[in-house]
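A short write-up of the structure that comes next.
Protein chains get the first letters and strands the later ones, always in sequence-line order, with residue 1 at the start of each. What you see below is based on every heavy atom in this structure, not just the backbone, and it leaves out hydrogens, waters and symmetry mates.
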Amino acid sequence: MKVFIKLVATYREYLPPECKGKVEMDVAEGVTAVSILSSLGIPIEESVVLVDGRSPNPEETLYEGATVFAFPATAGG
Amino acid sequence: MTTFNGWYGKILRIDLTNQTTKIETVDPQFAKDYIGGRGWAIKYLMDGMDPAADALSPENILIFATGPLTGSPAPTGNRYMVVTKSPLTGVLTNSNSGGDFPTWMKRTGFDLFIFEGRAKTPVYLWVNDDQVEIRPADHIWGKQVPETTDIMLAETHKKARVACIGPAGERLVKAAAIMNDKDRAAARSGVGAVMGSKNLKGVVAMGTHKIGMADYDGMQTFGRAMSREVGEASKTSVLRIYGTPYVPDVTNEMGILPTRNFQTGRFEGVENINGPALNASFLLRPGACHRCPIVCNRITKVDTPGYEGEGEGPEYESIGALGSSCGVDNLAAITKANYLCNEYGMDTITVGMTISCAMEMYEAGIIPESDIGEPLKFGDADGMIKFLKKMALREGFGDKLAEGSYALAASYGHPEYSMTAKKLEFPGYDPRGAKGMGLLYATSNIGASHMAGDLAYAEVFGTPEKIDPLTTEHKPELIMRYEDAFTLIDSAGLCVFMSVRYAFDKDVMLWPTRLAKLMNLTTGADYTPETLLQAAERVYNLERLFLLKAGVTKADDTLPPRFLEEPLTEGPAAGHVVELAEMLPKYYAARGWDDDGVPTPEKLQELGLA
Ligand code: SF4
């Protein structure tokens, strides 16, 4: 199934520059946001991970068309 | 005589009406009980004026307040607070700024400058250690912030630092800021208009005083180690690389980026106004406030024809207010508008949100074109800039804008179009998708300011940990803690960006273990995290008493109907409003206030305020 990955700010570097932080991925049923992001090398412990803008429960599996979004947990705006 | 460490225990009182100055000393027990900075200032304000007085009258008192850690080796010990009654909101305000000026002010050997009365003609204050002069400023009146700063430095000392107002403050524009080091701002609530009403154009400071340190070696070791830790972590941090402009992508994803006066929380033009866009087009280099290892400021230059300029910014809040809230995705125009706000001396948030309020009311047919003189629609970047200038100079329709969005909307019989709490414009988080922020905006002592207790750290940014932004559970207790913790940071003299991450335990309840250590090594007081938080609570409650005496009631602890009644329509917060009626009584109870939001006699007794 297809999911979308969106990485912002410094996390764009985990994808090739031409992606500008966005990529569409074909993934197996049953994967979680955390497993996909970990496979890209993203340090999950230091990250904020969202699925379609919400904080997912860590075991929650992804669904067709979901957008996985991540950025480094940091101080404010 | 008591020896003070961290604090000098010395206050400079400036009577502008009689052009006299006076040095006062501080009681050591008071010093400790009210921490410093914002905490000391509210006590002097409460004792020195009637909270119901007109904010633009000579009765209002204007206080510049440094904290015990301002000028210390603690990382980001470079802040000061401007505390006064706000002409925009009619309640208290405390507006924070960094840069160099606060440290230079501290070097004069005074903790606070207290301005009273009103000068007959324009003046500025020059403080060089104990040499204090009130000088004429007629020849500088009318000038913008950069030129004002340069003239004052040329007339005093080139190594001094300046805080001043621009043309907006002189004209009592209620969005007027007090600018320091040209580009840093104590921005919110119209503090610049209070300075303008006193005919005080600027303050120039320098000196040779060094604060005493209760445990000099201990503080050098601990303060330096903390600075190294922060510096190391910041080298690759998003705040250094992108600054706060990394945030629009995040809030847009969460559906809480203020868009078209908070009609929605997602902006189609977000990719044109985000951190990578700024870095690619306009960023010269990151910059820092005095000795800050985080380096989050943006030094930028715009060459785009029609928007040329150079300076600092924009920060996230400015992008949200002047950009997405106005439907503008032209980053050159937003950056230019930011420069203009700095030059005229205005708060980018109130400016952007007031213009976006006018745009919505124009599109809704409530403000007729004849009043504005031309169409003013969302997305009109040049209109935004044009009316910002008119607002600063009170020209034409700008005279109405200059009163802020609440007075503007109310003058047409539709205050509901103003996105304010206690008449202060919302910052860049739609509270329907961050419920704690909704409660904060409604209850904060200064109105809708994120700086009053920014739970977005946890609800949005995952610091110290990520919490669910859409639940109301635990939010009343959390908001109370964040308000107290931010009061503490403001009173100590530190920057919140550093403090939340490094000066508290990494727990969402923000326990100030390291902050207590910094305070004790510096001042020699024997604070524990508990007594420090209790001191902050004392300050917070005294501020609340000021509000109550100024006429605030429970009915003012509220939000515009848009956030209580109109659910968001897209994004993860679709269908959500702020359940304020559910959270507010729990918040009052957590604070030890009665059902009307008044501190109970027992609470006042406990805090030593009875
Ligand atoms: S973190 Fe940013 S705003 Fe805070 S002191 Fe450092 S440079 Fe200034």
Side-chain angles (χ1 to χ4, degrees), chain A residues 2-25 27 32-38 40-77, chain B residues 233 236-256 265-266 271 274-276 294 296 315-317 319-320 427-429 433 450-451 454 456-470 495-502 570-574:
Chain A
K2 268 195 182 39
V3 296
F4 301 93
I5 311 293
K6 237 159 123 182
L7 303 177
V8 300
T10 44
Y11 278 11
R12 284 178 168 220
E13 288 155 23
Y14 290 100
L15 292 171
E18 62 277 12
C19 295
K20 295 197 168 163
K22 279 196 228 167
V23 73
E24 204 181 296
M25 274 173 109
V27 298
T32 64
V34 165
S35 64
I36 296 186
L37 295 170
S38 302
L40 292 171
I42 289 173
I44 298 299
E45 284 301 301
E46 295 158 33
S47 306
V48 176
V49 177
L50 303 175
V51 173
D52 287 333
R54 305 172 285 108
S55 302
N57 139 357
E59 287 87 55
E60 182 181 316
T61 56
L62 291 175
Y63 41 87
E64 172 77 28
T67 296
V68 176
F69 182 95
F71 67 98
T74 187
Chain B
T236 53
S237 94
V238 60
L239 275 177
R240 175 154 333 164
I241 297 169
Y242 291 106
T244 57
Y246 81 93
V247 176
D249 281 327
V250 174
T251 46
N252 192 63
E253 187 71 13
M254 289 178 66
I256 59 170
R266 281 199 164 156
E271 293 196 2
N274 65 9
I294 296 177
C296 82
E315 299 287 337
Y316 167 63
E317 290 298 340
I319 293 174
Y429 309 93
H450 57 306
M451 298 299 284
D454 200 351
Y457 278 84
E459 290 191 319
V460 178
F461 301 110
T463 300
E465 65 190 66
K466 182 84 168 85
I467 60 170
D468 182 357
L470 295 179
C495 173
V496 297
F497 282 165
M498 188 289 296
S499 305
V500 174
R501 210 169 161 80
Y502 299 99
E570 55 180 322

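Residues B/Glu253 and A/Thr67 are in side-chain contact: their nearest non-hydrogen atoms beyond the backbone lie under 4.5 Å apart. Side-chain contact check for B/Val250 versus A/Val8: some heavy-atom pair is nearer than 4.5 Å. Here the side chains of B/Pro276 and A/Arg12 are in contact, with some heavy-atom distance below 4.5 Å.
Ring pair B/Tyr246/A/Phe71 is tilted by interplanar angle, where 30° to 60° counts as tilted.
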Please step through side chain to side chain contact (heavy atoms under 4.5 Å, CB included) for the pair B/Leu239 and A/Thr74, ending with a clear verdict. CA-CA 8 Å; B/Leu239 275 177; A/Thr74 187; 4.2 Å; yes
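With a 4.5 angstrom heavy-atom cutoff, B/Val238 touches chain A via backbone and side-chain atoms both. B/Glu271 touches chain A through its side chain: at least one heavy atom from C-beta onward sits under 4.5 Å away, while N, CA, C and O do not. Residue B/Asn252 does not touch chain A at all, counting heavy-atom pairs closer than 4.5 Å. Proximity to chain B is limited to the side chain of A/Lys6, based on heavy atoms less than 4.5 angstrom apart. With a threshold of 4.5 angstrom between heavy atoms, B/Thr251 does not approach chain A through any atom at all.
Between the CG atom in A/Asn57 and the CG atom in B/Asp468 there is a gap of 11.5 Å [rounded to 0.5 Å].
Here the shortest heavy-atom pairing between A/Ala73 and B/Gly462 reads CB-O, 3.7 Å.
Within residues 43-56 of chain A, the residues approaching chain B closer than 4.5 Å by heavy atoms are, in numerical order, A/Val48, A/Leu50, A/Asp52, A/Gly53, A/Arg54, A/Ser55.
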